[in-house]
Every structure is written in structure tokens, then in C-alpha cells.
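Convention: sequence-line order gives letters A, B, ...; per-chain numbering from 1. Please read these numbers as outputs of a predicted model, since none were measured by experiment.
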2 protein chains.
Amino acid sequence: MRTQPAVECSIQRTLDLIGDRWTLLILRDLFRGVRRFSRIQEDLGIAKNLLTDRLGTLVDADIVERVPYQDRPVRHEYRLTEKGRALSPALLALMRWGDQYVSGGLAPTELVHDDCGTRLELQPWCTTCNVPVVPTDISSRPGPGRHTGSEDIRV
Amino acid sequence: MRTQPAVECSIQRTLDLIGDRWTLLILRDLFRGVRRFSRIQEDLGIAKNLLTDRLGTLVDADIVERVPYQDRPVRHEYRLTEKGRALSPALLALMRWGDQYVSGGLAPTELVHDDCGTRLELQPWCTTCNVPVVPTDISSRPGPGRHTGSEDIRV
DNA sequence: CGAGTCGGTTGAAAATCACAACTGACTCAC
DNA sequence: GTGAGTCAGTTGTGATTTTCAACCGACTCG
């Protein structure tokens, strides 16, 4: 268990929720359309009791919802909520990093823009200048949710 | 330990490397400029033996490098390599998600574009159409690194 | 009726983690 | 030159988590 109190950082808060060894993998399966307990379990090789526990946590956090897909016997599947779907940029960023640095630049799966078929990149975007922004052009500042004098992040 | 063989997915490969409870938090500290063993240790509240282990893994994976910052006694600090710095979009995406859904829309820390001060968003970008792309406009296809018939990802 | 499926629960063994104590190389104050 | 302090760890032990296998209940299908 974490001994420190939660710091004023959304990365920490996020990882406290979904940052364990299995949760992001479960979410990836849900994005892929693998929504049933047994399918996820065999796809990931996760222990059943852990999958029960992790899905419960995700449902409690409103990232995933449990919806019945049949009666007699009633059985449920797990679907991403809007909050869960909002994690797609994070998953995509992890995937693109893995493509470049773990899979040797050869993506096992590419994501493409429906309209034109172009392979998608993921980068910070400035909505004012309407240009992509590289890490060296980024600064940080305290936001409206800042309560204490914690340090800034440089990316 | 994972019982399944690594599947053809860069998310899984990435999470096998950095997807444990502490590693992304350590990387966040390195992005923030917290680079010394004892500073990271007290900032995160991680056990020292675990921090030793995680930093070793990151150095082995060439995500972080161990560089001396003084002699007598020689001491080292940990710096992100280019491979490590390339994780910034993933950290940023997790941070933005946390801002919106865990910190109640109030970001403790905002990232801004140096040139204009606009708060940064992170979204998939189509370099051909020169427009941001929403999840519903994304498709997936097997990429050059695909070896087996694994399933596609929908984000 | 018997076998099979799905979505779990339970219990025990194995792995991992947290915490405290200790170490080595060195500095700095006295 | 002794004593306290710092930094970056290592080691040992007990607590927590994870894994693995077995079992269960509700139901369907043959």
C-alpha cells in the first residue's frame, strides 16, 4: 500500500486507479471488443479472481459498465463508459511508443484515419496556433486544481 | 508472472516493460527533474530495494541512463534517454485524463504552449488531412510488424 | 439424465512488496 | 581525528498480492 498521501498530480491519481499490471491490459481488450469475462480471462491469462477484482474496481470507478447480454441465465458483459473511452489517447500513446521502441519500429497494428487511410500520430496540439507541439516547446504552470506547492512537470 | 506468451501488441510489450505500479511514477519524477535516488525515494514513498530494482530495469531497457554527478564519493543520477523522453505523450495523456475524470476537471498542473500560452490538448492527428481525429474516425489494420493473426484494436 | 458453458468463489502455495536495520564511501564540524 | 551526517544502496523478515487449481450455481443442449 502507498504510504504517502496522494500528491497533487493527475498522473499519480490516474495510476492509483488504473496503473497496476493488469488494468490497462483489460482496458485494451475492451477497446478491442473483447468484453466477456471468460474471453478476457483467456486472452490475457489473468487469474479469474484478479479479473473479478479488477473489473469490479473499474465498474466502481465508472470506467466500465456491466450490462446484461442474455437472460436465463442472466449474464453480463463489460463495456467502456465515456470515461473509459476517454483513455484511448493514453492507450494509443503507449502503443505508438511500443511500436517505435519495443517492436523495432514495425507496428503489429496500425491505427489509421478513416477519411484518408493515413497512419495516425499522437502529439500535443495547440488549438490556438493550430500546430503540433514538440516537448521542448512545452511549459507547465499550476492549474485551477492546484492546492499545494507541488513541483511542476517538464515533458 | 504472465503465463501467456507475449502477444502481437505493442501495448502489451510496453506494459510488460513499464506497466507496474511504480515505474510510470518514477518516469514522471524524472520528467519533473527529480533525478536522484533519495529524492525519488522520498517523493514517491517507494521502498529503496524496489526503487533500486526498477531503476535497474529502466537502465537495462535503455529508457534511463545512470550518469555520475560528482566524484569523492562518486554518485550517480538518473536521466531519461531519448527513448525515455519519447514516453512524454503517454504520460501527458494519462495526466489529461486524470485532470478531466479524477481531479474533477481542475488540473493541478497545466501544460502550455510556450509560443502562445494555450493549454495543450493531446489527440490523434492526421498529418495528411491536417485535422485532429476523434475515436470514431479511427480504424485499425495489421502493420508491418504483424506476425500472427491477432485481433485489431478499436479506440 | 449427463455433459458443457459462463461467470464467478474459495483456499493454499508462491512471488512480490514494505519496512527496518545495516553498510561503505565520503564530507564536514568540532 | 572522532562523531555525526549524507547518499545510494543491500539484506533480512514479515505482510500482502498474485497464481493456480478446484469447486459452484444457474442454466442449455443432446
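- Of the side-chain N and O atoms in A/T52, one or more sit less than 4.0 angstrom from OP1 or OP2 of C/dT9.
- We find that CD of B/Q41 is positioned 11 Å from P of D/dC7, with the value rounded to whole Å.
- Considering B/L30, B/I26, B/T81 in turn, B/L30 is the only one that fulfils the side-chain contact (heavy atoms from CB on, under 4.5 Å) rule with B/V64.
- Between D/dC7 and B/Y78, no contact under 4.0 Å exists linking OP1 or OP2 to a side-chain N or O.
- Here D/dC20 presents its P atom at 14 Å from NZ of A/K48, a figure rounded to the nearest Å.
- Under the 4.0 Å criterion applied to side-chain N and carboxylate O atoms, A/R79 and A/E65 are not assigned as salt-bridge partners.
- The CD-P distance, from B/E42 to D/dC7, rounds to 8 Å in whole Å.
- Figure legend: cation-pi geometry between B/R75 and B/Y69 absent, as NZ or CZ is not positioned both under 6.0 Å from the six-membered ring centre and within 45° of its axis.
- Contact annotation: B/Y69 reaches the phosphate of D/dA8 (side-chain N/O to OP1 or OP2, under 4.0 Å).
- D/dA8 atom C1' lies 6 Å from atom CZ of B/F37, rounded to whole Å.
- Distances shown here put every side-chain N or O of A/R21 at or beyond 4.0 Å from the OP1 or OP2 atom of D/dT19.
- Here the C1' atom of nucleotide C/dG7 and the CZ atom of A/R66 are 8 Å apart, to the nearest Å.
- Within the 4.0 Å cut-off from OP1 or OP2 of D/dT19, at least one side-chain nitrogen or oxygen of A/W22 is found.
- Between A/R32 and A/D29 there is a salt bridge, since at least one side-chain N of the basic residue sits less than 4.0 Å from a carboxylate O of the acidic one.
- Applying the ring-ring contact (aromatic ring centres under 6.0 Å, His included) test to pairs two or more places apart or on separate chains, those with a residue in residues 77-117 of chain B are B/W97-B/Y101.
- For the pair B/R35 CZ and D/dC7 P, the computed distance is 16 Å after rounding to whole Å.
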The contact string for nucleotides 25-30 of chain D, one letter per nucleotide 5' to 3', using protein heavy atoms under 4.0 Å with B, S and - for base, sugar-phosphate only and none, comes out as -BSS--
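- Of the candidates C/dG7, C/dA18, D/dC20, the closest approach to any side-chain atom of B/L50 belongs to C/dA18.
- Applying the salt bridge (Lys or Arg N to Asp or Glu O under 4.0 Å) definition to pairs two or more places apart or across chains, none involves residues 55-64 of chain A.
- When every heavy atom of A/L44 is checked against every heavy atom of A/R28, the shortest pair comes out as CD2-NH2, 3.3 Å.
- When the side-chain nitrogen and oxygen atoms of A/S38 are compared with OP1 and OP2 of C/dG7, one or more of them lie within a distance under 4.0 Å.
- Put simply, CG on A/L25 is 15 Å from C1' on D/dT18, counting in whole angstrom units.
- Atom CG in A/L51 sits roughly 15 Å away from atom C1' in D/dC20 (whole-Å rounding).
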